[in-house]
Amino acid sequence: MQQTRVNQGFEYYVRFIERFPNVKSLAEADEQEVLKYWQGLGYYSRARNLHKAAKKIVSDFNAQFPKTYKEIISLPGIGEYTAAAISSFAYNLPYAAVDGNIYRVLSRISANDTPIDTTAGKKVFTEIAQNLLDKLQPGLHNQAIMEFGAIYCTPANPDCQNCPLLDFCEAKKLNLVQQLPVKQSKTKVTNRYFNYFFIQNGKSTYLQKRTKKDIWRNLYEFPLIETDGEMDFSSLVQTPEFKTLFENTDYQINKISKPFKHMLSHQIIYAIFYDINILGENMRLQSFEKTELSNLYLYPISRLTELFLESIEK
DNA sequence: AAGCCGGGGTT
DNA sequence: AACCCAGGCTT
């Protein structure tokens with residue numbers, strides 16, 4: 001779930017384990033299909049890493065999930081929290097799992113204003129959690145603190161009146177509950193401008209795979225021209241990118257989509273989709289993946305592209 | 001140590 | 001609009 005609410009991921013989990021019921025089935029799958037099952041969840045590196053981890057478990061651990069903390073944390077996509085969670089939940093090993101809930105609970109209980117999103121904070125609160133851990137039932141303990149954080153010690157309006165730990169809470173004594181936990185960094189948001197081309201050539205259209213270190217890595221999208229600012233069509237046609245895309249091609253604008261404002265946690269994407277019909281092809285278009293419209297459902301796509309496709313369905 | 005990586009629900 | 005979510009990886 002890593003930075004995702006359990007409710008948001010639950011249906012994905014059900015469908016995922018139905019399609020990939022064991023580690024071998026996941027290891028043998030194509031990444032594209034794994035991403036397709038992740039489509040819409042976000043943080044797609046989790047899907048890629050889960051797939052890599054499955055391959056590693058098959059190749060390095062004889063298809064058996066490793067049973068030591070050291071081996072578990074060696075798997076891609078598994079960091080300190082997840083390794084501790086698996087180790088304690090599944091194998092009753094004495095590792096404190098420190099997720100967002102536990103950072104909040106511990107910072108309040110101990111009235112500690114060390115920023116939780118720093119190396120120092122990670123060290124401090126992991127140490128407190130490890131000292132507090134019930135070594136005889138670490139899994140139960142870890143899950144109990146997480147549930148406590150989710151039910152009583154919530155971020156905005158904690159239920160201090162009914163809190164079973166009220167007498168132990170330093171933040172409550174000092175009236176600091178609302179100020180804790182402290183966070184240091186605010187992620188700054190950058191604006192981006194995407195001009196997509198939904199090109200129809202008979203029954204087919206064109207896609208490309210996002211392979212760079214950027215958002216939506218390894219997802220598919222329509223041919224894209226990214227610009228520094230909003231650009232209307234009359235300006236767009238004069239860019240070298242547009243000229244290359246449609247040179248020697250007979251194209252006709254079918255429709256221009258409404259402007260999409262797609263907000264991510266760290267980017268705001270302003271997108272337009274141009275619905276274009278063409279006759280014939282050129283060199284540039286041949287470099288894209290040409291696919292029949294009826295097969296579009298096979299490709300993992302971003303929520304933005306999904307929303308565009310939904311908007312033209314009717 | 002700081003920045004990047006999504007999408008959606010709450011406040 | 002700001003915050004947060006059963007965080008991890010890269011730079």
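Lettering of chains follows the sequences in order, A, B, ..., and the numbering in each one begins at 1. Any value given below was found using the heavy atoms of this structure, including those in side chains, with hydrogens, waters and symmetry copies removed.
Taking atom C1' on both C:dG8 and B:dG9, the two are 23 Å apart, rounded to the nearest angstrom. Spacing of C1' atoms, B:dG6 relative to C:dC3, comes out at 15 Å, to the nearest Å.
In this structure, the CD1 atom of A:Ile78 is 12 Å from the C1' atom of C:dG7, given to the nearest Å. B:dG8 atom P lies 15 Å from atom CD of A:Glu11, rounded to whole Å. Regarding A:Gln8, its CD atom lies at a distance of 12 Å from the P atom of C:dG7, rounded to whole Å. What separates CG of A:Leu75 from C1' of C:dC9 is a distance of 15 Å, to the nearest Å. Computed from coordinates, the A:Gln184 CD to B:dG3 C1' distance equals 13 Å when rounded to whole Å. Rounded to a whole Å, the NZ atom of A:Lys213 is 18 Å from the P atom of B:dG3. Distance A:Ile268 CD1 to B:dG7 C1': 14 Å, rounded to the nearest Å. Between the CE atom of A:Met146 and the P atom of C:dC5 there is a distance of 12 Å, given to the nearest Å.
Atom CG in A:Leu93 sits 11.0 Å away from atom OH in A:Tyr69 (nearest 0.5 Å).
With hydrogens and angles left out, the side chain of A:Ser265 and the base of B:dG6 share a donor-acceptor pair within 3.5 Å. The base of C:dC4 is paired with the side chain of A:Arg5 by a donor and an acceptor separated by under 3.5 Å. Within 3.5 Å, no donor on the side chain of A:Thr82 pairs with an acceptor on the base of C:dG8, nor the reverse.
Residue contacts for A:Gly9: at a heavy-atom cut-off of 4.0 Å it reaches no nucleic acid atom on any strand shown.
For C:dA6, neither phosphate oxygen OP1 nor OP2 lies less than 4.0 angstrom from any side-chain nitrogen or oxygen of A:Gln143. For B:dC5, neither phosphate oxygen OP1 nor OP2 lies less than 4.0 angstrom from any side-chain nitrogen or oxygen of A:Ser45. At least one side-chain nitrogen or oxygen of A:His266 sits closer than 4.0 Å to the OP1 or OP2 atom of B:dC5. One finds a side-chain N or O of A:His262 lying less than 4.0 angstrom from the OP1 or OP2 phosphate oxygen of B:dG7.
Residue-nucleotide stacking is not present for A:Tyr44 and B:dC5, judged by a side-chain ring centre under 5.5 Å from the six-membered base ring centre and planes under 30° apart.
Ring geometry for A:Phe273 versus A:Phe308: interplanar angle under 30°, hence parallel rather than tilted (30 to 60°). The aromatic rings of A:Phe246 and A:Phe197 sit perpendicular to each other, their planes meeting at more than 60°, with 30° as the lower class boundary.
Annotation: A:Phe233 is in aromatic contact with A:Phe242 [ring centroid separation under 6.0 Å].
A:Gln39 and A:Tyr44 share no side-chain donor-acceptor pair at under 3.5 Å.
Among the nucleotides B:dG7, C:dC4, C:dG7, the one closest to the side chain of A:Arg104 is C:dC4. Ranking C:dA6, C:dG7, B:dG6 by closeness to the A:Gln2 side chain, first place goes to C:dG7.
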